Amino acid sequence: MGMWASLDPMWEMPAEKRIFGAVLLFSWTVYLWETFLAQRQRRIYKTTTHVPMELGQIIDSETFEKSRLYQLDKSTFSFWSGLYSEIEGTLILLFGGIPYLWRLSGRFCGSAGFGPEYEITQSLVFLLMATLFSALTGLPWSLYNTFVIEEKHGFNQQTLGFFMKDAIKKFIVTQCILLPVSSLLLYIIKIGGDYFFIYAWLFTLAVSLVLVTIYADYIAPLFDKFTPLPEGKLKQEIEIMAKSIDFPLTKVYVVEGSKRSAHSNAYFYGFFKNKRIVLFDTLLEEYSVLNKDIREESGMEPRNDGEGDSEEIKAKVKNKKQGCNNEEVLAVLGHELGHWKLGHTVKNIIISQMNSFLCFFLFAALIGRKELFAAFGFFDSQPTLIGLLIIFQFIFSPYNEVLSFCLTVLSRRFEFQADAFAKKLGKAKDLYSALIKLNKDNLGFPVSDWLFSMWHYSHPPLIERLQALKNSKQD
């Protein structure tokens with residue numbers, strides 16, 4: 001009885017204090033859980049210093065050590081950046097950072113002649129200042145990650161000037177999308193009546209479909225150069241494979257990802273009969289500029305003995321063979337097209353929109369609760385934007401954690417199915433070798449703690465994917 005009796009004073013507290021305390025408690029509980037998982041994985045990085053016997057034919061000791069050190073550095077960075085983020089978020093809540101920023105945005109609007117009745121205008125100023133604050137506080141961490149960790153391990157290809165220009169461009173493009181969309185969403189909620197949640201959901205659905213449609217054609221080219229894949233054997237075989245599974249392919253692009261990073265990727269996009277495939281140049285052995293001789297790029301004459309070459313040149317020459325050959329690229333695309341053929345993309349959209357509808361429905365039920373606003377320092381007003389922030393980010397956080405884990409589990413299942421689809425296309429052997437190459441190129445560490453991987457990995461661990469492919473790999 002004593003333990004339960006000690007909880008009585010807590011339940012006698014005002015509702016807003018209980019809500020605020022619960023939000024902080026849950027936030028720190030999640031942080032400590034994530035830290036516990038990260039430390040389990042970090043122990044794997046520190047203690048697994050030799051290639052395990054089952055991986056002996058897959059990865060050489062030099063690559064294994066490189067990937068181990070890379071992941072150790074990333075783990076250390078993740079710990080400190082995560083701790084900072086949690087402390088920053090806690091201090092913002094404890095010292096009333098959200099109501100302060102709302103009042104500050106109100107003063108800005110007032111000085112421009114907009115009174116309290118212009119809530120949407122004030123909301124946009126609030127969003128602009130909040131995202132600016134987030135960008136500025138995150139900038140040192142992003143700089144360190146790019147120019148220390150990624151640079152140290154050979155992935156960064158950016159100059160500081162390129163990085164800053166890119167960051168400013170991203171911020172401007174984000175505001176150009178975020179502010180108009182937010183203003184329309186707030187307006188719909190204001191005038192939507194009792195069923196505003198349906199209209200708000202339909203609006204966000206339409207926006208997401210439009211963004212998916214225009215992203216690769218109009219937004220992504222603002223940051224990276226997209227060029228059509230040149231005519232040749234690879235393009236011809238991609239078209240043949242797409243036709244064999246009725247994939248409505250219209251264009252194949254190569255994106256110049258190598259100007260910012262040595263990491264590789266591939267994806268497809270588009271709706272209905274207008275599908276496009278995008279290949280990173282770092283994925284293609286024949287097209288990656290990272291495979292060109294560094295001397296050729298710098299105009300240096302080749303030396304027979306390598307004497308006088310910088311360490312950077314030696315490292316690039318030594319590791320210049322990056323990416324996959326044509327057969328392996330086709331196998332990777334076979335996997336990606338498997339996601340389309342098996343309906344994974346449509347299923348993910350349906351799950352996302354069902355979740356979005358549920359969240360807007362619950363938001364409609366909770367938006368009238370004044371104690372939710374009071375818990376975060378809003379005693380005299382209940383701005384719609386603040387209600388969205390409180391309910392979606394804080395009140396829904398337990399639900400969001402559970403949903404995220406379920407989607408991670410589902411994603412791993414989809415990855416196995418896509419691998420199996422590539423096998424049916426006769427690509428098992430090439431996908432097997434492609435996965436090994438991509439793991440090496442990206443310095444993925446092939447050993448993982450079971451609990452960490454279960455909670456975090458959206459893709460199955462490398463060894464599990466290879467084992468599934470090996471069972472029916474062609475000779």
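What you see is a predicted model; the values in this text were computed from it and never measured.
The shortest distance between side-chain heavy atoms of Q467 and I463 does not fall below 4.5 Å. Annotation: side chain of I177 is in contact with side chain of I219 (closest heavy-atom distance under 4.5 Å). Residues L362 and Y399 form no side-chain contact, since every pair of their non-hydrogen atoms from C-beta on lies 4.5 Å or further apart. Under the 4.5 Å side-chain criterion, counting only non-hydrogen atoms from C-beta, P52 is in contact with V447. With contacts defined as side-chain heavy-atom distances shorter than 4.5 Å, the pair F392/F363 qualifies. Looking at heavy atoms from C-beta onward, F196 lies out of side-chain contact with I188 at the 4.5 angstrom threshold. Side-chain atoms of Q382 and K370, non-hydrogen and from C-beta on, do get closer than 4.5 Å to each other. Two residues are said to be in side-chain contact when any heavy atoms from C-beta on lie closer than 4.5 Å; Y45 and S75 meet this criterion.
A donor-acceptor pair under 3.5 Å is absent between the side-chain atoms of S78 and the main chain of K74, judged by distance alone. A donor-acceptor pair is defined here as one N or O able to donate and one able to accept, closer than 3.5 Å; such a pair exists between the side chain of T35 and the backbone of Y31. Checking side-chain atoms of S182 against main-chain N and O of L179 turns up no donor-acceptor pair under 3.5 Å. At distances below 3.5 Å, at least one donor-acceptor pair connects side-chain atoms of Q41 with backbone N or O atoms of D449. No donor-acceptor pair under 3.5 Å is formed between the side chain of S27 and the backbone N or O of V23. A donor-acceptor contact shorter than 3.5 Å is absent between the side chain of T146 and the backbone of L143. Judged by distance alone, the side chain of Q122 and the main-chain N or O of W102 form a donor-acceptor pair under 3.5 Å. Side-chain N or O atoms of S85 include none that pairs as donor or acceptor with a backbone N or O of S81 at under 3.5 Å. Side-chain atoms of S208 come within 3.5 Å of backbone atoms of T204 as a donor-acceptor pair (strictly under, hydrogens ignored).
Between F280 and Y267, the ring-plane angle classifies as perpendicular under the 30° and 60° cut-offs. Classification of the F155-Y70 ring pair by plane angle, with boundaries at 30° and 60°, yields tilted. Ring geometry for F64 versus F445: interplanar angle of 30 to 60°, hence tilted. The aromatic rings of F414 and H344 lie parallel to each other, their planes meeting at an angle below 30°, with 60° marking the opposite boundary. Ring geometry for F361 versus F357: interplanar angle under 30°, hence parallel rather than tilted (30 to 60°).
We find the CG-CD1 distance between L462 and I59 to be 8.0 Å, quoted to the nearest 0.5 Å. In this structure, CG in L389 is found 5.5 Å from CZ in F394, a value given to the nearest 0.5 Å. In this structure, the separation between OG1 on T282 and CD on E256 is 10.5 Å, given to the nearest 0.5 Å. Rounding to the nearest 0.5 angstrom, the gap separating the NZ atom in K347 from the CD1 atom in I349 is 13.0 Å.
For the residue pair E150 / N156, no side-chain donor-acceptor distance below 3.5 Å is found, with atom types taken as modelled. Side-chain atoms of Q417 and H339 include no donor-acceptor pair closer than 3.5 Å.
Heavy-atom contacts from other residues, nucleotides or ligands closer than 6.0 Å to OH of Y84 number more than 12. Residue K437 qualifies as enclosed at atom NZ: its count of foreign heavy atoms under 6.0 Å is above 12. Heavy atoms from other residues, nucleotides or ligands lying under 6.0 Å from CH2 of W28 number more than 12. Taking a 6.0 Å sphere around CZ of F95, one finds it holds 12 or fewer heavy atoms contributed by other residues, nucleotides or ligands. When the shell of 6.0 Å around CZ of R369 is examined, it contains 12 or fewer heavy atoms from other residues, nucleotides or ligands. Remark: Y457 OH is packed, more than 12 non-hydrogen atoms of other residues, nucleotides or ligands lying under 6.0 Å away.
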Can you give the donor-acceptor pairs under 3.5 Å from side chains of residues 126-139 to other protein atoms, not counting sequence neighbours?
{"from": "T131", "atom 1": "OG1", "to": "L127", "atom 2": "O", "distance (Å)": "2.8"}
{"from": "T131", "atom 1": "OG1", "to": "L128", "atom 2": "O", "distance (Å)": "3.0"}
{"from": "T131", "atom 1": "OG1", "to": "Q175", "atom 2": "NE2", "distance (Å)": "3.1"}
{"from": "T137", "atom 1": "OG1", "to": "F133", "atom 2": "O", "distance (Å)": "3.0"}
{"from": "T137", "atom 1": "OG1", "to": "S134", "atom 2": "O", "distance (Å)": "3.2"}

query = Is there a side-chain contact (heavy atoms from CB on, under 4.5 Å) between F20 and L94 once you walk through the steps?
reply = CA-CA 9 Å; F20 184 80; L94 287 175; 3.9 Å; yes

key: Test log, rule ring-ring contact (aromatic ring centres under 6.0 Å, His included), inputs W141 and Y144   = CA-CA 5 Å; W141 296 100; Y144 186 88; 7.7 Å; no

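Scored by the ring-ring contact (aromatic ring centres under 6.0 Å, His included) test, Y187 finds no partners at all (sequence neighbours excluded).
E415 has no carboxylate O lying under 4.0 Å from a charged side-chain N of R412, or vice versa, which leaves the two without a salt bridge.
Among F26, W455, F452, the single residue meeting the ring pair (Phe, Tyr, Trp, His ring centres under 6.0 Å) criterion with W33 is W455.
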